[in-house]
There are 2 protein chains.
Amino acid sequence: MAKAPGEPMSVVTALVRASFLVNAAYAESAKEYGLTPQQGQLLCVLMAQPYGMSELGAVLRLAKSSLTELVDRTAQRGLVRREPDPCDRRAVRVTLTEQGGELAEAFYAETCRRIDLLPAGLSAEERATLAALLGRVVLDNNVPVVFKDTEENGEAVPAR
Amino acid sequence: MAKAPGEPMSVVTALVRASFLVNAAYAESAKEYGLTPQQGQLLCVLMAQPYGMSELGAVLRLAKSSLTELVDRTAQRGLVRREPDPCDRRAVRVTLTEQGGELAEAFYAETCRRIDLLPAGLSAEERATLAALLGRVVLDNNVPVVFKDTEENGEAVPAR
DNA sequence: CCTTGTGATTCGGAACCCGAACTATTTTAT
DNA sequence: ATAAAATAGTTCGGGTTCCGAATCACAAGG
């Protein structure tokens with residue numbers, strides 16, 4: 001049966017509902033920059049380095065055809081471009097254009113700002129604990145780096 | 001600049017990447033039941049009670065037209081139905097059919113099982129702490145109940 | 001040199017998203 | 001009591017996203 005109101009939330013429910021919250025903040029941030037969430041995610045992934053399509057598809061967990069079209073649409077806007085792979089004439093590498101790089105940085109910063117507001121009700125120590133635990137879940141499950149980690153996006157967890 | 005490998009992950013990055021992880025598990029669970037993630041989410045929300053379209057749209061954070069079509073598709077499959085609102089002839093109420101209720105329960109249980117595996121590398125105490133902190137973030141941000149909370153989905157946080 | 005495997009694209013089909021406009025009904029103002 | 005305004009929900013046009021199968025070009029292996 002459903003829990004009584006005062007009863008604490010399970011970790012499963014907390015993860016699902018937190019995900020819903022983060023998705024909404026991410027989508028709002030993307031919208032502010034005239035991006036769709038998928039385009040925003042593509043730009044964020046490419047901030048680290050150019051990627052081949054196969055690897056990019058693995059990182060984003062998309063079917064090959066889905067990725068081809070996402071890259072098509074994003075390239076159409078001048079934000080990314082396909083470059084020939086010098087080592088393999090079948091392959092292309094996807095990289096940010098100058099315009100795409102600038103938009104990616106701005107979108108990334110705004111997304112960091114918005115997401116950083118979500119745990120505002122926690123103390124610094126609680127934030128650090130949350131980051132440590134959630135970070136371990138992320139690492140344990142080999143989540144690809146769909147969002148880079150820098151000092152600029154919220155204070156880092158103090159070293160142990 | 002990017003952090004050194006050993007440096008802890010920020011709470012912002014942890015939230016975004018954890019969200020990616022949860023989304024993937026959710027989508028896999030939906031697929032196993034022949035549902036799309038959106039249909040699964042609709043079913044989960046309706047497990048609690050029937051909803052009017054306006055309230056349902058608010059909970060799911062969808063435009064009115066998006067919800068109309070989502071309900072159309074899900075009703076087409078016999079999983080939900082629209083009922084007239086006895087108090088307001090403009091309004092309809094969306095409720096689960098018997099078939100939809102059964103599928104919702106199965107999908108919900110499987111999703112709980114999958115999500116419950118994600119923090120498997122944490123101790124029971126760490127899970128409780130994660131649930132408490134993430135739960136507070138969820139409550140602080142007024143996240144709608146897009147996923148119900150019962151004793152069955154992972155152990156609850158011990159009472160304080 | 002031929003066969004197999006890989007990288008990426010194309011295609012058909014479906015789901016999903018939203019804003020504007022519309023219809024029916026309820027609520028509010030006169 | 002009637003008209004105007006607001007609300008509930010649907011329709012429509014346009015766009016994004018998803019995927020499996022099929023295809024072509026190229027690389028690797030036999």
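Within every chain, numbering begins at 1; the chains are lettered A, B, ... in the order of the sequence lines, protein sequences first and strands thereafter.
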Nearest-nucleotide wise, let me know which of Ala91(A) and Pro37(B) is further upstream toward the 5' end of DNA chain C.
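Closer to the 5' end of DNA chain C: Ala91(A).
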
Whole angstrom is fine here: how far is it from CZ in Arg89(B) over to P in dT10(D)?
16 Å

Tell me: CG of Asp88(A) to P of dC24(D), nearest whole Å?
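After rounding, the reported distance stands at 19 Å.
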
Within the structure, does a side-chain N or O atom of Thr68(A) lie under 4.0 Å from either OP1 or OP2 of dT9(C)?
yes

Side chain of Ser65(B) only, please: which of dA8(D), dC19(D), dG19(C) is the nearest?
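Per side-chain heavy atoms of Ser65(B), the pick is dG19(C).
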
Should Leu15(B) and Leu117(A) be counted in the same cluster of Ile, Leu, Val, Met, Phe, Trp and Tyr side chains packed under 4.5 Å apart?
no

Quick check: on DNA chain D, is the nucleotide nearest Glu69(B) upstream (toward 5') of the one nearest Leu67(A), or the reverse? Name the residue that is more 5'.
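The 5'-side residue here is Glu69(B).
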
Write down the distance between CG (Asp85(B)) and C1' (dT26(C)), rounded to a whole number of angstrom.
12 Å

If only side-chain N and O atoms count, and only distance matters, is there a donor-acceptor pair under 3.5 Å linking Gln38(A) with Arg73(A)?
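There is no such pair (donor and acceptor under 3.5 Å, judged by atom type) between the side chains of Arg73(A) and Gln38(A).
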
Rounded to whole Å, please give me the gap between CZ in Arg90(B) and C1' in dA6(D).
8 Å

Would Arg113(B) and Glu110(B) count as a salt bridge (Lys or Arg N to Asp or Glu O under 4.0 Å) here? Give the steps.
CA-CA 5 Å; Arg113(B) 193 189 66 75; Glu110(B) 173 63 13; 2.9 Å; yes

When all nucleic acid strands are considered with a 4.0 Å heavy-atom cut-off, which category describes Arg93(B): base, sugar-phosphate, or nothing?
nothing

Looking across every strand, which nucleic acid part, if any, lies under 4.0 Å from Thr36(B) by heavy atom: base, sugar-phosphate, or nothing?
sugar-phosphate

Here the pair of heavy atoms bringing Ser19(B) nearest to Val22(A) is CB-CG1, 3.8 Å

Measure from the side-chain heavy atoms of Lys64(B) and tell me the nearest of dC19(D), dT10(D), dT17(D).
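Nearest nucleotide to the side chain: dT10(D).
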
Between Gln38(A) and dC17(C), is there a contact of a side-chain N or O with OP1 or OP2 at under 4.0 Å?
no

Would you kindly give the CG-to-C1' distance between Asp72(A) and dG15(D), to the nearest whole Å?
15 Å

Determine the interplanar angle of the Tyr108(A) and Phe147(A) rings, folded into 0 to 90°, and report it as parallel if under 30°, tilted if 30 to 60°, perpendicular if over 60°.
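Plane angle between 30° and 60°, so tilted.
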
Check this one for me: any side-chain N or O of Lys31(B) less than 4.0 Å away from OP1 or OP2 of dA15(C)?
no

Measure from CG on Leu35(A) to P on dC17(C) and round the result to the nearest Å.
18 Å

With a 4.0 Å cut-off on heavy atoms, is Ser54(B) in touch with a base, just the backbone sugar-phosphate, or nothing at all?
sugar-phosphate

Between atom CG in Leu62(B) and atom P in dG9(D), what is the gap in whole Å?
14 Å

Rounded to whole angstroms, how far apart are CZ on Arg82(B) and P on dG9(D)?
9 Å

